[in-house]
Asker: 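Input: one structure, supplied below.
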There are 2 protein chains.
Amino acid sequence: MHSQNLINVITDALPGLNKSEAKVARVILSDPDAATQSSIATLAKKASVSEPSVNRFCKRFDAAGFPDFKLKLAKSLASGIRFVNRNVDPDDDVGSYTPKIIDSTINTLALVRDKISHPRVNQVVDCLIQAKRIYFFGLGASGSVARDAENKFFRFNLPVSSHDDVLMQRMLASTGGTGDVFFIISHTGRTKEVVEVAEIARSNGSTVIGLTAADSPLAHMSSVTLDVDVPENTDEYMPMASRIVHLVILDVLATGVTLRRGPDFLPHLEKIKNSLKPTRYRSES
Amino acid sequence: MHSQNLINVITDALPGLNKSEAKVARVILSDPDAATQSSIATLAKKASVSEPSVNRFCKRFDAAGFPDFKLKLAKSLASGIRFVNRNVDPDDDVGSYTPKIIDSTINTLALVRDKISHPRVNQVVDCLIQAKRIYFFGLGASGSVARDAENKFFRFNLPVSSHDDVLMQRMLASTGGTGDVFFIISHTGRTKEVVEVAEIARSNGSTVIGLTAADSPLAHMSSVTLDVDVPENTDEYMPMASRIVHLVILDVLATGVTLRRGPDFLPHLEKIKNSLKPTRYRSES
DNA sequence: TAATTTACGTAATTTTATTACACATCAAAG
DNA sequence: CTTTGATGTGTAATAAAATTACGTAAATTA
């Protein structure tokens, strides 16, 4: 749906290119940002080729012409470069690290938006709708994600609970059965305890939904996996982006469930919302 | 600093624009993507102004000329930020509501990135660094944010805890004193219980940090407020974006604290990270 | 309402991109 | 080795797009 990064496309195509096209490619790749700002003449001179060669190069990569190509290149850079170069430096000040962290979260979300499998989401919504009972499990940072999920899904009038205690998780998994859904959240998908819990749940006939990394042990153990590949490169020491992604995916799922329930369900949500009113100071608006 | 989204810049500048510049602005805002693909002539005609007017418009927004402007616009669009708030329709399917929700989260984050007060962040980091003890308080959805914060800040070797029990919060607030920091998270900032807890804490000489809406009762009661104005319009029935924003701001604060601690502190974080290794299945990479 | 500034458009100019075509290079077949 | 056809590349002409210079209209101020 969203186009792949142009830089990668060009890099991949490089070996199969003509002499002059390859020259152009190399010049562009060596400084893509400069390329977006030069005219066709400048670029042609830099690559020691003629202007029409540059033009042909552009058309080869599905652009209408040179300006269109520059546009596409610029877009690729905007979504790509931030990723690469936006790590927090030890000597950053507030003004630098604040936008960097927020940007990297934004980028991750944009990535997930373009990569997430819609049929899979649908499938999970199905599971959740049909569930007799839903358990949200997570450890560490994913524990609070699970808790948040509980806070969201209890509104659907379903028996929902969240647990971050491994023993509790094991016990619940072993007493569950058909119709029970165990929604397990784990960034790595490699935590032994969690995978074991998934195994126990499966062996008792429960459905296990894994919100976790693709191809991880947990992913393989789950009935349905919502896989999220979050490059946690921004930050070496604490989970950051993955939590956020998990939460947003849970928002998506909750929305999916709400929509499936149809408009008749809205009054119920309204009721919950109103129940909080007396706890609040009146808004001046 | 200069990462400000062009679309927002134009929107903000709109009221102060000349007649024809405003016309151009409106045409661009109504379909920014189309604008990046049109020639200056097309755009001028669409806006019923002359070509030089479009050109002047571009220069006003710090572009070298029309092509440069288009480039910048394209970059703004590509950086993951979709314009206008796209609300979920009752008859949306997975393919529609999934990107809508993610986009609206992205939008909100971009807004916060551009609006958040850096000095204020710095001030809060100061407080947290100097704290003898930190309590994270929240109710409902903010409860899990508080819990997440605990999970993040315990790594700094500080006595940290999180609480979502009102009575517990009251008791802790009343037994605190100078050097204690109460970090209170609340989307609305109008929950009576929470504001009262803040009041109690303040009256005992503790520092209260409010992560909440500007101008809310809680904001007024806090020693320092990190105010976040999140238009929770996307969704009537559940808090969505605000949670995420709170979490990301906590990421920012945690980063601030880490950087202040300096490089000597990294081994400690490394140690915590390594402590989890034995709980994991080995990665095949 | 006259003076002055600011806003806007017309038309000329310049820059930039594309097309048409011719020459060159290379590979395979004679 | 040619010859032939195919593909690749550049030159020059043409078209498109953007910018500039300049003049007139509108708005603002005194």
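Naming convention: chains lettered A, B, ... in sequence-line order (proteins, then strands); numbering from 1 in each chain.
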Asker: For B:N122 and B:V125, indicate whether the former's side chain and the latter's backbone hold a donor-acceptor pair under 3.5 Å.
Answerer: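 Side chain of B:N122 to backbone of B:V125, a donor-acceptor pair under 3.5 Å: no, none is there.
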Asker: Please report the distance, rounded to the nearest Å, between CD in A:E51 and P in C:dT16.
Answerer: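 Checked: the CD to P distance equals 10 Å.
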Asker: Tell me whether the side-chain N/O atoms of A:N18 come closer than 4.0 Å to OP1 or OP2 in D:dG8.
Answerer: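 True: A:N18 side-chain N/O within range (under 4.0 Å) of D:dG8 OP1/OP2.
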Asker: Does a side chain donor of either B:T42 or B:S39 reach within less than 3.5 Å of an acceptor in the other side chain?
Answerer: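 There is such a pair between these side chains.
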Asker: Taking all heavy atoms of B:A213 and all of B:A219, pick out the closest pair and write down the distance.
Answerer: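 Taking every non-hydrogen atom into account, O-CB, 3.5 Å.
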Asker: OP1 or OP2 of C:dT19 less than 4.0 angstrom from a side-chain nitrogen or oxygen of A:K59, does that happen here?
Answerer: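 Yes.
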Asker: Toward the 5' end of DNA chain C, which comes first, A:I40 or A:R56, by nearest nucleotide?
Answerer: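 On the 5' side of the pair lies A:I40.
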Asker: Taking CZ from A:F66 and P from C:dT19, how many angstroms apart are they, rounded to a whole number?
Answerer: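 In whole Å, C:dT19 P lies 15 Å from A:F66 CZ.
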Asker: Can you tell me which nucleotide in D:dA17, D:dT19, C:dA17 comes closest to the side chain of B:P67?
Answerer: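 Per side-chain heavy atoms of B:P67, the pick is D:dT19.
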Asker: How close or far is atom C1' of C:dT15 from atom CG of B:N55, stated in whole angstroms?
Answerer: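 Spelled out: CG on B:N55 to C1' on C:dT15 is 13 Å.
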Asker: Tell me the interatomic distance from A:K45, atom NZ, to C:dT16, atom P, rounded to whole angstroms.
Answerer: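 Taking NZ of A:K45 and P of C:dT16, I get 11 Å after rounding.
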Asker: Examine D:dA18: is either OP1 or OP2 under 4.0 Å from a nitrogen or oxygen in the side chain of B:K70? Give yes or no.
Answerer: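 B:K70 to D:dA18 OP1/OP2: side-chain N or O found under 4.0 Å.
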Asker: What is the distance from CG of A:D68 to C1' of C:dA17, rounded to the nearest Å?
Answerer: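 Going from A:D68 (CG) to C:dA17 (C1'), I get 13 Å.
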Asker: I want to verify a distance call: between C:dT18, D:dG10, C:dC26, whose nearest atom is closest to the A:K19 side chain?
Answerer: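 The closest nucleotide is C:dC26.
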Asker: Taking the minimum atom-to-atom distance to the side chain of A:P52, which one of D:dG8, C:dC8, C:dA20 wins?
Answerer: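 Shortest atom-to-atom distance from the side chain points to C:dA20.
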Asker: Let me know the distance between CZ of B:F69 and P of D:dT19, rounded to the nearest Å.
Answerer: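 Those two atoms, CZ and P, are 12 Å apart.
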Asker: For D:dG8, does OP1 or OP2 lie under 4.0 Å from any side-chain N or O of A:S53?
Answerer: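 Checking A:S53 against D:dG8: no side-chain N or O falls below 4.0 Å of OP1 or OP2.
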Asker: Below 4.0 angstrom from OP1 or OP2 of C:dA7, is there any side-chain N or O of B:S20?
Answerer: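 For B:S20, the contact criterion (side-chain N or O under 4.0 Å from OP1 or OP2 of C:dA7) is not met.
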Asker: Kindly state whether the ring of A:F57 and the ring of A:F66 have centres lying under 6.0 angstrom apart.
Answerer: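 They do not qualify: ring centres at least 6.0 Å apart.
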Asker: Check whether the side chains of A:S104 and A:N107 place a donor and an acceptor atom closer than 3.5 Å, and report yes or no.
Answerer: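 A:S104 vs A:N107: no donor-acceptor pair found between side chains.
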Asker: In whole Å, I'd like the distance from the CD atom of A:E21 to the P atom of D:dG8.
Answerer: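 That distance rounds to 7 Å.
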Asker: With sugar-phosphate meaning primed atoms plus P, OP1 and OP2, does B:K23 contact a base, only sugar-phosphate, or nothing at under 4.0 Å between heavy atoms?
Answerer: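 Nothing: the residue B:K23, judged by heavy atoms under 4.0 Å, touches no strand.
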Asker: Check the distance between D:dT9's P and A:F57's CZ and give it to me in whole angstrom.
Answerer: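 Rounded to whole Å, this separation is 12 Å.
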